[in-house]
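I have placed the structure first, in the form of structure tokens, so that the comments after it can refer back to it.
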Amino acid sequence: MKIAVVGTGYVGLVTGTCFAETGNTVTCVDIDERKVNSLKNGKITIYEPGLENLFERNLKQDRLHFTTNLKEGIEGAKIIFLALPTPPGEDGSADLKYILKVAEDLGPLLKDYAVIVDKSTVPVGTADKVKNRVAQNCNVEFDVVSNPEFLREGVAVEDFMKPDRVVIGTTSDKAKKLMDVLYAPLVRQGNPIIYMDEKSAELTKYAANSFLATKITFMNEIANMCELLGADVDAVRRGVGTDSRIGKRFLFAGIGYGGSCFPKDVQALAKSAQEVNYDFDILKSVMQVNEKQKTKLIPQIKKYFGGDLTGKTIALWGLAFKPYTDDIREAPALYNIDELLAAGATVRAYDPEAMDNVKELLGDRIEFCDSQYSALEGADALFIATEWPVFRTPDFDKVSELLTSRTIFDGRNLYTPEEMKDLGYTYFSIGRGTINE
């Protein structure tokens, strides 16, 4: 099948590449000429484990193409995916200007029936808006379908190729048949395609992400209680997570969530509720708690150093909002860097993938190091902001030699308090008390 994907950001590139891998001919469209030229020349523009191999294979086998020309990109396409940015506006609502502009442009370009698919995360009612914009200057039949993505950065290829479920919002039998053919190779193991109306599909994505963000935030609140009560959040997590009604995932305490989805989607759902005069109190609390949680360790750092960080050097392990990605959007590390610099500290940072993105943002405000160990040289303490596997089992003898004092502020609870006590570290973590202070 011939498919077009408009937008070559994270969702668009994964979507286009993975559909090419299942035998479709895919053309990805983007207005960024530099990005398109890079992709045409075989240079992938995002970091996502497993994606590069699929990208190179399908480019070589002529199933994956890139263009800046929308007319050229959609020619002959039976299905056109819109994978465009929906950034939060000043009031927190999702900004639909990119999607609606492309919808408007598509109208006069359509020559035969096509299914236009909203792949971006969009507010309830967007499918209707897209349909109206396309219809303004369109002389052929078309359908607009909502097909939200549920990709986790770091395992997006696996999520796409082996989805838990595929959610499709449409009331058109004609569109349903095409979507069935498209997704058939991905659901052979029996994972469901769940059909519903367009508005329910749009709300499903926001509801899923907001629930997961709430789950994380609730556990961080429990962690804060543990510190006050002398309990251990890891023990509580294990006790709670083995309840089949709750589950083990998204229960790890830390310095809050970040990324491109949870912060934006929670905010957008809260705004949508406000627009229909519904007071979604739990989402307001989720946003407030997460904002405070990101810099939870800063007061402890200041207190440990006597209230003055002037002249102190903090080694920072981790810049991405989560491991296995170079995405730094809403990354807690960035909030902590701002706080540390404002307090007079020097920051020496290392991340396996995200340093180039942070360099573009911060320039020379912090020092970027070649390895996790070089970041420690002469540092007064180590701050862990991202749970990359390479940070989980470091050479603690080497860490001790390079730090001026054995002090770790662990925002991701990578180590056990017992281990840190035995090694003689002063160790701060989330929801587990302080060791050897």
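- Atom OG1 of T325 sits about 8.5 Å away from atom CG of N357, to the nearest 0.5 Å.
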Step by step, would you call F409 with F428 a ring pair (Phe, Tyr, Trp, His ring centres under 6.0 Å)?
CA-CA 5 Å; F409 295 88; F428 298 82; 4.5 Å; yes

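- For the pair E75 and K2, the tightest heavy-atom approach, listed with the atom from each and the gap, is O-NZ, 2.6 Å.
- Remark: K284 engages D279 in a salt bridge, criterion side-chain N to carboxylate O under 4.0 Å.
- Between the side chain of W317 and the backbone N or O of Q372, at least one donor-acceptor pair lies under 3.5 Å.
- Salt-bridge formation is detected for the pair D159/R152: a Lys NZ or Arg NE/NH1/NH2 atom is positioned less than 4.0 Å from an Asp or Glu carboxylate oxygen.
- Considering all non-hydrogen atoms of both residues, N209 and C261 come closest at ND2-CB, 3.7 Å.
- A donor atom on one side chain and an acceptor atom on the other are found under 3.5 Å apart for E48 and Y10.
- Looking only at distances, no side-chain donor or acceptor of R432 sits under 3.5 Å from a matching main-chain atom of A223.
- Taken from OH in Y304 to CG in L297, the straight-line distance is 14.0 Å, to the nearest 0.5 Å.
- A pairwise comparison of heavy atoms in F262 and G258 identifies CB-O, 4.4 Å as the closest pair.
- One finds a salt bridge joining K296 and E227 here, because a Lys/Arg side-chain nitrogen approaches an Asp/Glu carboxylate oxygen to under 4.0 Å.
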List the steps, then state whether ring pair (Phe, Tyr, Trp, His ring centres under 6.0 Å) holds for F19 with F81.
CA-CA 11 Å; F19 276 135; F81 283 90; 5.4 Å; yes

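- Judged purely by atom type and a 3.5 angstrom limit, N147 has no side-chain atom pairing as donor or acceptor with the backbone of K119.
- In this structure, the side chain of K162 does not engage the main chain of L186 through any donor-acceptor pair within 3.5 Å.
- Using the six-membered ring where Trp is involved, Y47 and W388 have ring planes that are tilted, between 30° and 60° apart.
- Using a cutoff of 4.0 Å between basic side-chain nitrogens and carboxylate oxygens, E198 and K131 are not scored as salt-bridged.
- A donor and an acceptor atom, one from each side chain of R63 and N58, are located under 3.5 Å apart.
- Atoms CG and CG, on L82 and L96 in that order, are 11.0 Å from each other to the nearest 0.5 Å.
- Of all non-hydrogen atoms in L251 and G241, the two that sit nearest each other are CD1-CA, 3.6 Å.
- Judged by distance alone, the side chain of T86 and the main-chain N or O of T121 form a donor-acceptor pair under 3.5 Å.
- For the atom pair OG1 of T25 and CD of Q61, the computed distance is 11.5 Å after rounding to the nearest 0.5 Å.
- Put simply, the side chain of K205 gets close to the backbone of E149: a donor and an acceptor are under 3.5 Å apart.
- Between Y427 and Y415, the ring planes lie tilted relative to each other; the angle falls in the 30° to 60° range.
- Comment: D180 engages K176 in a salt bridge, judged by a side-chain N to carboxylate O separation of less than 4.0 angstrom.
- Judged purely by atom type and a 3.5 angstrom limit, T295 has no side-chain atom pairing as donor or acceptor with the backbone of I298.
- In terms of modelled atom types and a separation under 3.5 Å, the side chain of S200 and the main chain of M196 share no donor-acceptor contact.
- In this model, no donor atom of one side chain and acceptor atom of the other lie less than 3.5 Å apart for T217 and N220.
- No salt bridge links R238 with D234; every basic N to acidic carboxylate O contact stays at or beyond 4.0 Å.
- In summary, the side chains of N24 and T22 do present a donor paired with an acceptor at a separation below 3.5 Å, with no hydrogens or angles considered.
- Contact check on E330 versus K264 returns no salt bridge, with no Lys/Arg side-chain nitrogen under 4.0 Å from an Asp/Glu carboxylate oxygen.
- When every heavy atom of G431 is checked against every heavy atom of C226, the shortest pair comes out as O-CB, 3.4 Å.
- Side-chain polar atoms of Y113 and D143 form a donor-acceptor pair below 3.5 angstrom.
- The two residues C138 and L110 make their nearest non-hydrogen contact at SG-CD1, 3.9 Å.
- A side-chain donor-acceptor contact under 3.5 Å links D351 to the backbone of L319.
- In the model, T67 has a side-chain atom that pairs as donor or acceptor with a side-chain atom of E72 under 3.5 Å.
- For the 3.5 Å distance criterion, the side chains of N191 and Y183 fail to qualify, holding no donor opposite an acceptor.
- The closest side-chain donor-acceptor pair between E387 and N413, if any, does not fall under 3.5 angstrom.
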Could you give me the CA-CA distance, side-chain angles and deciding distance for D105 and K101, then say whether salt bridge (charged side-chain N to carboxylate O under 4.0 Å, His left out) is met?
CA-CA 6 Å; D105 293 341; K101 176 64 169 65; 2.8 Å; yes

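- The CG atom of L54 sits 5.5 Å away from atom SG of C18, with the distance rounded to the nearest 0.5 Å.
- A salt bridge links R329 to D327: one of the charged nitrogens lies within less than 4.0 Å of a carboxylate oxygen.
- Residue F250 holds its CZ atom at 14.0 Å from CZ of R237, rounded to the nearest 0.5 Å.
- A donor-acceptor pair is defined here as one N or O able to donate and one able to accept, closer than 3.5 Å; no such pair exists between the side chain of S38 and the backbone of R34.
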